[in-house]
Amino acid sequence: MTDVQSILDRIGEAMQATKDRGTVAQYIPPLARVDPAQFGMAVAFSDGRLFSTGDAETRFSIQSISKVFTLSLALGRLGDAFWSKVGREPSGQAFNSILQLEHEAGRPRNPFINAGAIATTDAAMAHHAPRDFLAELVQFVRAAAGDEDIHIDAAVAQSEQATGDLNRSLAYFMASHQRLQNPVEQVLGAYFHQCALSMTCVQLARAGLMLTGAPGAPRLMSPARRTRINALMMLCGHYDASGDFAFRVGLPGKSGVGGGILIVAPGKASIAVWSPGLNAQGNSKLGTEAAEMFAQATGWSVFS
Ligand code: DON
């Protein structure tokens, strides 16, 4: 039996000693103020066991990790018809790139780049008001985590609204190609708020259990849908660093610009890691290093 706690203790010590912690996201002011010295990690099993190290009970902005939850809702709503709206290919571009949208008539490459995530939010909203969509999303995440104390940070959402001109450009470009069904500003409002969900590593690891398919894990979607979301996380979850994450970690993962990463070990466990400093591709620097150490120590890579 893998001694998960001693692996986490070792990772926690190594991360504490690491000097280069990356750079916290600058373009959303409340994220720019987060202390980069923090590091937390949690591993949840479907039988209720939970292991953690460091700042695993500190709330952080999950940002793009929320795209996994919204995708789950959009697929639940539309089924396979969803794929007429959004592709499922890696983009090889930065998370907020607008380049491919023009080449591909406003149809985003995948649900995890910002353009694709905005289109996914639009699909999940399905003509409901942003507040109704957000209430459903928060309920879904709480049900997955088995924890009612999960909320949206209104100040972060407000700040994204104020600084979100690039996302606005992506959304209006897609709207010009008739890719959105709800009013653009409503879709953006919903998207900014979903990204502002605030969770701890412990909550996030528990919420990810639904994607493991481990015996006894919450069953909030069909096995086929879970398998496909894992495939997308592996291929697109880290944008133009998805290949690097697959190479180093070998597990499906979804990063957020708040420094969190949700990682799924199919059939085994759900892992959440957080450290606010980012690498050049906008993914958590220490989070990626910790995930790599963890995968090596456990041998849990899906390729092993
Ligand atoms: O739309 C944005 O720019 C942010 N709300 C989310 C970006 C993000 O988390 C990218 N992931 N690493």
Side-chain angles (χ1 to χ4, degrees), residues 22-32 34 36 60-71 86 90-98 101 108-122 124 130 134 137 152-174 180 184-185 187-199 204 232-245 249 252-263 272-288 291:
T23 313
V24 296
Q26 299 298 313
Y27 72 103
I28 304 172
L31 300 189
V34 176
F60 62 91
S61 191
I62 70 166
Q63 292 293 318
S64 287
I65 301 170
S66 66
K67 295 169 181 175
V68 173
F69 302 121
T70 311
L71 174 62
V86 179
S91 69
Q93 304 281 335
F95 68 93
N96 52 7
S97 173
I98 199 166
L101 269 190
R109 272 283 168 113
N110 67 64
F112 294 150
I113 51 171
N114 280 10
I118 292 167
T120 304
T121 299
D122 177 66
L134 290 166
L137 177 69
I152 289 171
D153 184 328
V156 172
Q158 186 53 44
S159 175
E160 285 213 56
Q161 291 268 20
T163 57
D165 283 344
L166 185 47
N167 282 324
R168 224 164 254 119
S169 307
L170 296 169
Y172 277 101
F173 190 85
M174 288 189 287
L180 302 181
V184 179
E185 288 300 330
V187 179
L188 285 163
Y191 171 75
F192 292 138
H193 280 80
Q194 81 174 47
C195 288
L197 267 166
S198 184
M199 294 172 76
L204 193 55
L232 285 159
M233 289 170 74
M234 179 73 91
L235 292 171
C236 315
H238 283 73
Y239 317 107
D240 48 343
S242 298
D244 188 59
F245 194 81
V249 181
K254 182 72 210 82
S255 66
V257 83
I261 307 177
L262 173 62
I263 302 158
V273 60
W274 169 62
S275 183
L278 307 179
N279 60 23
Q281 286 82 26
N283 302 310
S284 175
K285 179 176 180 292
L286 263 53
T288 307

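Each ligand, and each atom within it, is numbered from 1 in the order the structure gives. Positions are given from 1 along the sequence.
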Looking at [X], which atoms of ligand 1 are within less than 4.0 Å of one of its heavy atoms?
X: F95; value: 3 (O), 7 (C), 10 (C)
X: G256; value: 9 (O), 11 (N), 12 (N)
X: Y239; value: 10 (C), 11 (N), 12 (N)
X: G282; value: 12 (N)
X: C195; value: 5 (N)

Note to self: Quick check: K67 and ligand 1, any N/O pair under 3.5 Å apart?
What the structure shows: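 Among all N and O atoms of K67, none is under 3.5 Å from an N or O of ligand 1.
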Next item on the list: Using distance alone, decide if ligand 1 has a nitrogen or oxygen within less than 3.5 Å of any nitrogen or oxygen in K254.
Entry: no
In terms of residue, atom name and distance, what is the protein heavy atom nearest to [atom]?
atom: atom 7 (C) of ligand 1; result: S64 OG, 3.0 Å
atom: atom 4 (C) of ligand 1; result: Q63 OE1, 3.0 Å
atom: atom 1 (O) of ligand 1; result: Y191 OH, 2.6 Å

Checklist line | With S275 via side chain to side chain donor-acceptor pair (under 3.5 Å) - residues at least two apart | finding: none
Notebook entry, point to check: Between Y239 and F95, how do the two ring planes meet: parallel, tilted or perpendicular, split at 30° and 60°?
Noted result: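 It falls in the tilted class, 30° to 60°.
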Ligand 1-proximal atoms of [X], by part, heavy-atom distance under 4.0 Å:
X: V257; answer: both
X: Y27; answer: side chain
X: N167; answer: side chain

Give a yes-or-no answer on whether the side chains of [X] and [Y] include a donor-acceptor pair shorter than 3.5 Å.
X: T70; Y: K67; result: no
X: N283; Y: S255; result: yes
X: E185; Y: Y172; result: yes
X: N114; Y: N96; result: no

Checklist line | Donor-acceptor pair, side chain of T163 and main chain of S159, under 3.5 angstrom | finding: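 Such a contact is found between T163 side chain and S159 backbone.
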Check: With distance as the sole test, does W274 use its side chain to make a donor-acceptor pair with the main-chain N or O of G258 at under 3.5 Å?
Finding: yes
Check: Quick one: salt bridge (Lys or Arg N to Asp or Glu O under 4.0 Å) pairs with a partner in residues 233-244, sequence neighbours left out?
Finding: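 Listed by first then second residue: D244-R248.
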